[in-house]
Structure formats: C-alpha cells, structure tokens
Participant: 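Let me give you the structure first, and then I'll get to my questions.
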2 protein chains.
Amino acid sequence: MPTIEDVAKLAGLSPATISRVINNHPYVSQEKKDIVAKAMKELGYVPNSNAQRLRRQKTETIAVLIQRIANPFFSQLVESMDIIADRNNYKLLICQTNNDKEKELKYLNLLKTKQIDAVIFASIENEWSIVEGFLKYGPIIFCNDFAETAPVPIVCLDQYKGSYIGTKHLIDRGYKRLSYCGGSKATCLSRDRRAGFMAAVKEAGLNVSDQWLFKDALTIDDGKQILREIASMDNRPDAIFTGSDEVAAGLITEAKRHGITVPNDLGVLGFDDQPIAELVEPGITTIHQPVRKIGIKAMDVMIDILVSKKKLEHQFIQLPFHLVVRESTR
Amino acid sequence: MPTIEDVAKLAGLSPATISRVINNHPYVSQEKKDIVAKAMKELGYVPNSNAQRLRRQKTETIAVLIQRIANPFFSQLVESMDIIADRNNYKLLICQTNNDKEKELKYLNLLKTKQIDAVIFASIENEWSIVEGFLKYGPIIFCNDFAETAPVPIVCLDQYKGSYIGTKHLIDRGYKRLSYCGGSKATCLSRDRRAGFMAAVKEAGLNVSDQWLFKDALTIDDGKQILREIASMDNRPDAIFTGSDEVAAGLITEAKRHGITVPNDLGVLGFDDQPIAELVEPGITTIHQPVRKIGIKAMDVMIDILVSKKKLEHQFIQLPFHLVVRESTR
DNA sequence: GATGGTACTGCAATCGTTTTCATAACTTAT
DNA sequence: ATAAGTTATGAAAACGATTGCAGTACCATC
C-alpha cells in the first residue's frame, strides 16, 4: 500500500503538502493540488485510518449498547441511528450486552482504549455509579432506558404516561381484573412503566392480585408461558398489560390453544406497535412508540455534542406516545 | 491518559519491557512482570488501540455487509455472528448497504483504509468483477447470498433445493396454478431459488402464467400489495411461493380483507421460518433456514482464515433446509 | 579458559499521519 | 524603502505502541 511519503515523492513535494491537500487546508496552490490529486490517483493512495486516528485522537465511531440486535425494537432503533451516523460520516459499533454487566464494561472500555469516540446506552446493566467513571474518556448519552441521576442528555419516552394511557384504555373498556407483565430488571424504564399502570389502577379503585404481576417477560415464549399460568388460575385476570408486542403475541397465540378468547375472556394490550401487532389475529391494541424517531433524535444529539464539543448536561428529551386500538381489547 | 512511557518511568523500566509484559512475551522475569502490573494498575493504564493497530497493521474488526439490520433474517444472522466474533476477541462492524452499490463500495473501502481486517458479504450489490479488486486488502467471504465465481469460501443454503422442496409440497397438496414471488435482484440466491421453483413446476407438467410471477417482494407491505393484484385478476393462482415469511404474512393478512381464504382459495408458502410464521393465522407453512447456524459457520470460517492465515479458496459450504408444515397450505 | 547457548533488558527505528515552526516570496500600506 | 501582512511550502516533532538488534549476565560444555 502506498503511503503519503510515496505520494510526496511522486509529486515532488513534501508529505506535509500532501496532508494539507487531503484535509483541504487553505494555503495550497491550485497547481500543487492538481499534481497531488494526480499522484494519489496514479498510486491508488488512500490515507491509513489508524495513523489518522492515532494522530487526531478521534475514531469517528460511536458505540450503541443494546441487549440483543435480534430484538426488533433494537434493530429498528439501530437502523435509524445508523442512517444519521452515516450521513455525518460516523460509524456505528453495535454492542450486544446480552444483559451481562461484564460485557457492558468490556464495551465501555473501548472508550478508554480510544476505539470509539462516544457511547449511546439504549439499555443499561450496571449502576450509574460504575459507568460514571467512563465519562472522562468521552461523551455518554442515554436513549430509551436510562439512569435517572446521570448528568447527561436522555432521549426517551414518558413511560409512565404511556402505560397510564394504556391501562386507562383497558379500564375504559370495562376490564376490571388487570394483570401486568414487566420487563427484566429494576431499570428506570420498567419502574416508570409499572408506576403508570399502578396509578391508573388505583385511580379507578381496582384491586390487583399479586398473582397477576409477572416479571421478566420479554419474548414470545414468555408470553406463552404466562398464558399457561393464567389458564391454570382459579381467579383469572380479565385483561393483561404487556411490556411488548412479542409478549402480547405469545399470549394471544397460546390463548387459542386454551380456549380463552381474546378480547372477551381476556383483553390484551401490547407495547411498541411492532409490525407483528397488526398481523396476529386479533390485531394487538398497543402503545405506539416512535422507535425510529428516538434513534434519530438520540443520534442527532450525540453528533451535535461531538461536532460542537458541547458540554454534557442533564436533560430529558421526551417524545410522544399514542395508543393504537385494534381488536385485542373489546 | 497515561502512555506506555509513563508506565515505564513509574516502573523504572523501558517501554519495551512494558510492551513485552502486555503482550506476554517470553523472557520477562516474574519480578519485572509484577512491578509492571503494579505500575499499570496504579496509573490505570490501558494501551491505546490505535497505536497498536497502526503498528500491528490489524484492527481485530470484521465488517458484515447486509441490506438492513431491521430485517429479522439479518438481525438474527448478525446476532449469531457477533457471539462467535466476540468470543474470539473480534469486533463486528455492521454495514447496511440498503441496496445501494455506492454504499457497498464505501464500506469495502474500509478494507483499504485499514479500518477492518476482513469482510463478510451477507448480501451483495455490486458485480464480483468490481469487488474482486479488494481481495488484495484482506479476506472476503460470502454467506447467504453470493457471487458464484468468487474464489472464496461461500457459506450458504442450497436455495435451489429449498425452493424445489417447497414447490413440490404445494404440488403434492394438489395446488395447480402456482405463483412465485422473488427477491430483489439478479443475485445467485434469487436465481437458484427461482430455478428450483421452475424445475418442480416443469416436472409436474404445470403451466405458470407470466402474470403470476412477482419481483422485488421483500416486506409485509409488498405481500399485501401482491395480494391486491391477485385479487383483481380474472385468472387467479391457487397457491403462492414467497421469498420470505414477511411477504407471506402480508399476503395472509390482506387475503382476509378480500374474502380470500387461506389455504383453500390460496395456498401460501413462506420462507425462513421466522417467529412470525407461527403467530399469524393460519400459521405459515415455510422452509426453515438455519439462520443462526449460517452465521456461526461463516464466522468460524472467517476467524479460521484470520488466525491461521489460510489462503482463500473457492468452496461451497452448504447447510440443510427443511420444510415446516403449518396451516397456510391445505 | 575459551565457546556457546539461554534469559533478560534497553535503544532506537518503525508504523503513517498531522501540525507547529521556520522560511521565503510576494503584496500592500506607510 | 521599510514594515507588516498574506500565501505557500518543507523539516521535523509529535501521536503511542511494537520489535529487530545489540548488549549483558549467567550457566553449561569441552
């Protein structure tokens, strides 16, 4: 591979001038620019990025931390982020933590070792107190899930309101014995979502049996499993709030096998409004999250921080939800 | 950030020795190893990856070229690849070409600029004759879609056989007027798939109207659109072979609106066996692709090439298909 | 006691850029 | 005619690691 030195020799100039041409520095005569361009072309020269990175102390790469890329919520989020990143000549490094704290730390270390310029958390495993220390190596922001006390921008949805609206819908439709499926851990996201549910329930003066509260519900199979548990109860709920359309789809599919009809015997509320929501039968009533918008917004914020070297500051950027009514609620 | 120089000073040794400790070179006394370890810890030293990359001419990063990450086939593929890559301390750079030749070339250029060590094509846009030139900058392999003449390993499925089996199934169930939805371009994958379909059709002595051949069918919406076209035909097909479960799901959903019953009025065959296939109603009869296995195998092959510095050679590694019968075919 | 091998360490060159500083030519203002 | 810009270029010092070569010390062998 030819180096800048080779180009310099062929062009009869110094490496410094070549570099100036590459980085279109002012103060290079048109004449030399042409000579250099010709020499570069002749040799098929391309600058070595690692040398540039070492010298410039920048990688033009942003890491996005997610649980798993095969989760459609994350894959859509990442897709939209990538579009914005690419447009600004940044590369995206997708980091799957798989709910593993150690892996998350391993990825955060890329910031220390200068392999990435910044980190976007779309899901978080470790406590903020642990992550905090990495702030001095580069900007960190949150998107979707977050750590509340972090002094950084947080692009998210008003989860409390979202689940409040959804729960309210169930109540308005006359369901009285509400069940709840929550996400994996004690994250801010699941906490807010649960609080919204509880607020609506309390407001309506309903009782929720502890038996009806499920945790760690994430996948289609989790949904099926939960339905089986419900089917075996003496005292069944008449509606269920789920944390994702996948869980809702699993519930609905399994309900058919157990002769439980949706929405009459059991109302089902999804979350996200994934494509799947309108394909299953009955279609899933769900809370629409503007996934792509979140991704775009978060990346916009990050790019802005990187190019204008803004200081990070605590800031909530909330995007709106809305309810999509289909047939899984009566 | 402390450098190797700082560690050397604190430890009272030369940078060379520190480097040897980092790379656990033989011939470093245990005594010095301990001193160095202590000094590194005290300073919170981590080697700068860009300096290492420049010096070693390696990045420990592999690019995977796909169309879009939000396509569940690709997101599953990437997820399994990432697991293997991570296990071998390689990072994965996910490159979405979005069916854009220029973008693909832009990503290939990362090989030239030394930002990646190798490329795995999971979908390909440009002609092999164009891609070929990049081989001298690093290993390239194919997985899923491929260029037949490329002198490199190709991890794929016997698409011809897969679609032959599927089409045969439709014929065995008594469908006689078969329709076909193909992928986007003139890739080897779509060519083989179509050939398999045609072979089965010809073997059964059936006729296929040109009207029944659809192209560029990839998404749920494409499926819906195709159904609408079919609904408006005087001479409707009685079964349809699709290139993906998404298209099949779109067809099925839209069929309900048009009063066309699946599987009786129209048999529908999917491809991939995505989770969605068992959620829609009726469940989709489909060709199961071992997506994760393909990802794992392809990454195994690539890692092997990188660590044992094997020469690339033309090689087909084919994984098996099987048919999953559900309710969308009678 | 000369020779050769092994274990350990450091010097300095190298990877391929960018950028500061110095220099010089040419304008323009005084 | 001199001072003070402006434009254009190159030499050389970074950036932060790795590694070939050389040197020293120690031990074993003939």
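Chain naming here is simple, since letters A, B, ... match the order of the sequence lines and numbering starts at 1 in each.
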Participant: Check whether any side-chain heavy atom of B:Val78 sits under 4.5 Å from a side-chain heavy atom of B:Ser75, and report yes or no.
Facilitator: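 A side-chain contact under 4.5 Å is absent here.
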
Participant: What is the distance, rounded to the nearest whole Å, between atom CE of B:Met1 and atom C1' of D:dA17?
Facilitator: 15 Å

Participant: Once you apply a heavy-atom cut-off of 4.0 Å, does B:Glu5 come out as touching a base, just sugar-phosphate, or nothing?
Facilitator: nothing

Participant: Return the residues of residues 15-29 of chain B meeting this criterion: a heavy atom under 4.0 Å from some atom of DNA chain C. Order them by number, or give none.
Facilitator: B:Ala16, B:Thr17, B:Arg20, B:Tyr27, B:Val28, B:Ser29

Participant: Could you tell me how far apart B:Arg56 (CZ) and D:dT19 (P) are, to the nearest whole angstrom?
Facilitator: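 Taking atom P of D:dT19 as the reference, CZ of B:Arg56 is at 7 Å.
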
Participant: Rounding to a whole Å, what distance do you find between A:Gln30:CD and D:dT7:P?
Facilitator: 15 Å

Participant: Hey, is NZ on B:Lys9 packed in by over 12 heavy atoms from elsewhere, all under 6.0 Å?
Facilitator: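 For B:Lys9, atom NZ is not crowded (no more than 12 foreign heavy atoms under 6.0 Å).
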
Participant: For A:Leu54 and D:dA13, give me the distance from atom CG to atom C1', rounded to whole Å.
Facilitator: 13 Å

Participant: Starting at NZ of A:Lys114 and ending at P of D:dA17, how long is that distance when rounded to a whole Å?
Facilitator: 9 Å

Participant: Identify whether the distance between the nearest side-chain nitrogen and carboxylate oxygen of A:Arg53 and A:Glu60 falls below 4.0 Å.
Facilitator: no

Participant: Atom CD1 of B:Ile62 and atom CD1 of B:Ile116: how far apart are they, to the nearest 0.5 Å?
Facilitator: 9.5 Å

Participant: Does the side chain of B:Asp34 come within less than 4.5 Å of B:Lys38's, by heavy atoms?
Facilitator: no

Participant: Rounded to the Å, how far apart are B:Leu43 CG and D:dG16 P?
Facilitator: 14 Å

Participant: Do other residues, nucleotides or ligands put more than 12 heavy atoms under 6.0 Å from the CD atom of A:Gln30?
Facilitator: yes

Participant: Please find the earliest and latest nucleotides of DNA chain C, in the 5' to 3' direction, that have an atom within less than 4.0 Å of any heavy atom of chain B.
Facilitator: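 Going 5' to 3' along DNA chain C, contacts run C:dA7 to C:dG16.
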
Participant: Taking for each residue the nucleotide of DNA chain D with the nearest heavy atom, is it A:Gly12 or B:Thr3 whose nucleotide lies nearer the 5' end?
Facilitator: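 Closer to the 5' end of DNA chain D: A:Gly12.
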
Participant: Which atom pair, heavy atoms only, marks the closest approach of A:Asp86 to B:Lys106?
Facilitator: OD1-NZ, 3.1 Å

Participant: To the nearest Å, give me how far apart CZ (A:Arg55) and P (D:dC15) are.
Facilitator: 8 Å

Participant: Find the bend of the helix from C:dG1-D:dC30 to C:dT30-D:dA1 as the angle between its two terminal axes (five pairs each), to the nearest 10°.
Facilitator: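 Axis angle across the helix from C:dG1-D:dC30 to C:dT30-D:dA1, nearest 10°: 50°.
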
Participant: Quick one: do the A:Asp145 and A:Ser123 side chains pair a donor with an acceptor below 3.5 Å?
Facilitator: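 Absent: no donor and acceptor within the cut-off.
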
Participant: Are A:Gln52 and D:dC15 close enough that a side-chain N or O sits under 4.0 Å from OP1 or OP2?
Facilitator: no

Participant: For the residue pair A:Ile22 and A:Met40, establish whether any side-chain heavy-atom pair is separated by less than 4.5 Å.
Facilitator: yes

Participant: Under 30°, 30 to 60°, or over 60°: which ring-plane class applies to B:Phe142 and B:Phe121, parallel, tilted or perpendicular?
Facilitator: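 The arrangement is parallel - the two ring planes meet at less than 30°.
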
Participant: Please report the C-alpha distance between B:Met1 and A:Lys136 in whole Å, then the side-chain angles of each, then the deciding distance to 0.1 Å, and finally whether the side chain to side chain contact (heavy atoms under 4.5 Å, CB included) criterion is met.
Facilitator: CA-CA 10 Å; B:Met1 274 267 77; A:Lys136 63 171 171 289; over 6 Å; no

Participant: Round to a whole Å and report the spacing from CD1 of A:Ile4 to C1' of D:dA11.
Facilitator: 14 Å

